Amino acid sequence: MQAFVDQLIQEGYFQGLPKEIIYLGAMLLAALVVLSFFVAPLAGITSWLERRVWARMQSRVGPNRVGPQGILQWLADGIKNLLKEDIIPSAADKWLFVLAPYIVFVGFLATFVVIPFGSQLIVADLNIGIFYLLAVTSLVVVGILMAGWASNNKWSLLGGMRSAAQIVSYEIPAGLAVLTIIFVAGTMSMQGIIKAQGWAPWDWFLFYNPFTFVAFFLYFTAALAEGNRTPFDIPEAESELVAGYVTEYSGMRFLFFFFAEWGNLYVIGAIATTLFLGGWQVPPVTDNPVLIGVLQFMVFFLKAYFWVFVAMWVRGTLPRVRVDQLMSACWKYLVPLSFVSLLGTAAWMVLYPKGNRLASFGMFLMGVAILLLFFKRVNYQIRHSRPEIYWKPYI
Amino acid sequence: MSTLVEYVGNVAETVTTIFEGMAITFSHFVRRPMTIQYPDRIEKPVQEMLPLRYRGILEVDLDICTGCLACERVCPITCITIGIEMNKETKQRSFSHFDIDICKCMYCGLCAEICPTGSIRHSQEFEGACYNPAGLVRHFVTEPVPLYKPKKGGETDAQMITKVELGLKYLDEFATPEEKVGGAGAEEG
Amino acid sequence: MSDPVHAESEAFHTEDMTISMGPQHPSTHGVLRFIVKTDGEVMREAIPDVGYLHRSIEKIGEKVTWHGYVPYTDRADYLAAMFTNQAFCMAAEKLAGVEVARRGEFCRVIACELNRIASHLIAVGSFGQDIGAVTPFIHALRERETINNLMEEICGARLTYNYIRIGGVGYDITPETCGRISEFLDHFELIVDEYNRLLSYNKIFIERLANIAVITREDAFQYNIVGPNLRASGVKWDIRRDIPYSVYPELEFDIPVGTGEKGTLGDCYDRYIVRIREMQESCRILHQCLKMLPKGPAIAKVARKFKPPAGEIYVRVEAPRGDMGFYVVSDGSEYAYRVRIRTGSFTAMSLINKISRGLMVADLIALIASLDVDAPEIDR
């Protein structure tokens, strides 16, 4: 994007304002465009999709009345929450209470400046892109702790403490898995990592060697834990602590936390796609730059959104783990495994400095085999539980 | 060594059971949902699809009520109040009020079983909500109605035949098996 | 396990946190309140506070007639309404010496076992939901909807049935209904297998429940725990087998007992898996009853103004939550003199304080859910 703005300055727009001001204005404009036209509707539609996906997995229909197929449900929810009374508990610490949702929001929104939507469509291609992402997503811990403490409620405090422990611990396996990919790619810049992959599945880093395959699942699990999603949603476990650290929040403030959570799902998917699934790489079908841009955007979006769907799917399937099991899973299982994958990748790179195409192809075939096995099991479930009885609803 | 085997076994078991669980939820995802979207996306109203024995809100057909007060006596929660008055000149007894409080009613069916003509019945109606608590007491007498005397040798009046038969048919389906000849218990089974 | 924690807290000066898991809580089954004193995550004690759903059902028994009291017994435990109906009717019949119609006995067993399946579906479903798995709960409710439809065909109501009457049953079961019941059973047995694959064998679920809140055999006897909770601790006691009533002596079924297969004997997982196995046994009983259903009237002749001779009696049935006892005293009039209901959930509440020492707050939820306590049964 910097090249584009430089070109505009060359052509004589902005009549001689200092360069920094122009850059600042351009960045603010880009951030505004991304946030209001992409992030806000995206978080809303993710909330609708989550409810529909969840409902279909429970043999019922989700919200389908507001707008075509219920797609405007999030607007209705947002307007309803804006109209609610703003309750701040009298014994709560007012400034921290009010500030907490905004810090969580900042921690989540600041990640969008480095998400690569296309080869030219990135707000700022920092050369420490992925490192910046990991750093900025840790801001949410501060927000959650503030929310838990400022509510002046023992349940919220418990929730906030648990959440802080959880997020801080799971940074480590996530960071190590990311480090594995940085080893292979050789750069921390998001565009650089994508350019080091190809468009075909066997060129993706997911199938590069068995260690990165394992690193992917470690990253996904750790990212789910950081995003407070089931099976790690203890801080907001609604059957244990009423609502955890958001118990005292109501109206739009309450919705901010969930807005950040759903948007965070997309960020998780986007990082997973960038690092492991080849980002916006498309097969070279056309020369038209606009068409290529659109195609890349769509491919990236679909790949990232598929992982959002998987996160919703996991939420609908698995029960919650307990706090001490969460910690033991992190420190006893995920951290050693991520160290193993890191060292394994390093050893692989020493053995095969240019990569091993054959091994990648073999891993790809193994991935396809796992997918086929999965569909075979699904078929077995459908045949085995005789769905005919559902087809005669006898009222 | 055994701890390593146990460790790997734990990881393997977790992964396989999660895989299986996700296969099951995905299989439900692609099946048809079981929801019946009431009240607008169904072919017939629900009230027509309920079984005949369904114990909905009570209704009374005063034209065939004999005024025996059996339902008022048997109700365990005294939600039926009946008033009968005698007209001094014509010596004709008629109803002054017949009220059923549907929010007290337990929908137990004891009153419908004991009625000799089947005039008090459970309808298939279940949507009784209203904005005003006074609307929850159903008044069935708007003008004084004379009591019904069942005629020996069957009913002759054309209008009354349908009502009487409707009441008897309801009792056939609903009353306790030993009380009615040819009731629900004796022939089936 | 908790000793190092307590020793450290004596070196510092720390205070316990008193939390009220109040009557409005998504996962106490009904309106129950617990006053929980915790030291961080680990609990010191959990004191139950009951009485939020008291409706004086026992006192009402002295004010309404014998036939009229049967709908009230439905509400004493609305998830297992057939069993309360049956217990009261058995008490009245034994006092008056009424012989129940044979077909009525079989209809009673069919209705009761269907209701047992429905109640256990709610128990395991809400257990899953308290642990965090929301999908199995909805699947269990979907199956329960079919059972509700069957009940609606049989007796006209979906939850509070008033079906089992003094002398037999209120309405007969038609052959079409019998066909639908066996169709449902063929489908349901496969669904239980699917439910097991989704939830019971899930490693996270097992880790949450194994070795948690163990109730030993001696504790169970001391605190008078009954029902699936007792059987999960290894005691093979079932009223249908040991103090038989109705036509259960003629039916063939097993009593599932906890074996500590995934942890210790008597932990939460045992209590959960015993309920799943009981559902499968109920399917077996239902298949036999549907085959053995005799012809004849479904109810014996009983006077409208029922006046049993003076006397007292204690009747026990095997309800889904344990041994439900009705102690009925009659003084010869058309109202009972005293009705006393003894339920399994009430005694299970007394055990929670002892077992919860040293557990974590999340385990308290698992414990309450595994005991399958039910607020209407506790408070009546």
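For clarity, every value in this text was computed on a predicted model and none was experimentally measured. To find a chain, count down the sequence lines: A is the first, B the second, and so on, and within it residues start at 1.
Between Asn162(C) and Asn85(C), the side chains place no donor N or O within less than 3.5 Å of an acceptor N or O (distance only, hydrogens not considered).
Within a 6.0 Å sphere centred on OH of Tyr337(C), heavy atoms belonging to other residues, nucleotides or ligands number 12 at most. With a 6.0 Å radius and a threshold of 12 heavy atoms from other residues, nucleotides or ligands, Lys104(B) has its NZ atom above the threshold. Counting non-hydrogen atoms of other residues, nucleotides and ligands closer than 6.0 Å to CZ of Arg93(B) gives a total of 12 or fewer.
Looking at Thr135(C), only its side chain comes within 4.5 Å of chain B, counting heavy atoms on both sides. His67(C) touches chain B through its backbone: at least one of N, CA, C or O sits under 4.5 Å from a heavy atom, while the side chain does not. Heavy atoms of Tyr163(C) lying under 4.5 Å from chain B are absent altogether.
Asp186(C) contributes atom CG, which lies 12.0 Å from atom CD1 of Ile181(C) (distance to the nearest 0.5 angstrom).
Partners of Glu207(C) according to the side chain to side chain contact (heavy atoms under 4.5 Å, CB included) rule, which considers only residues two or more places apart in sequence or in another chain, are Gln325(A), Lys203(C).
Interface with chain C: from residues 67-84 of chain B, residues Val74(B), Pro76(B), Ile77(B) qualify, criterion being any non-hydrogen pair under 4.5 Å.
Between chain B and the residues Cys155(C), Gly168(C), Ala157(C), Ala101(C), the largest count of heavy-atom pairs under 4.5 Å involves Cys155(C).
Of the candidates Glu165(B), His122(B), Arg53(B), Tyr170(B) forms a side-chain contact (heavy atoms from CB on, under 4.5 Å) with just one, namely His122(B).
Ring centers of Tyr272(C) and Phe205(C): under 6.0 Å apart, within the cut-off.
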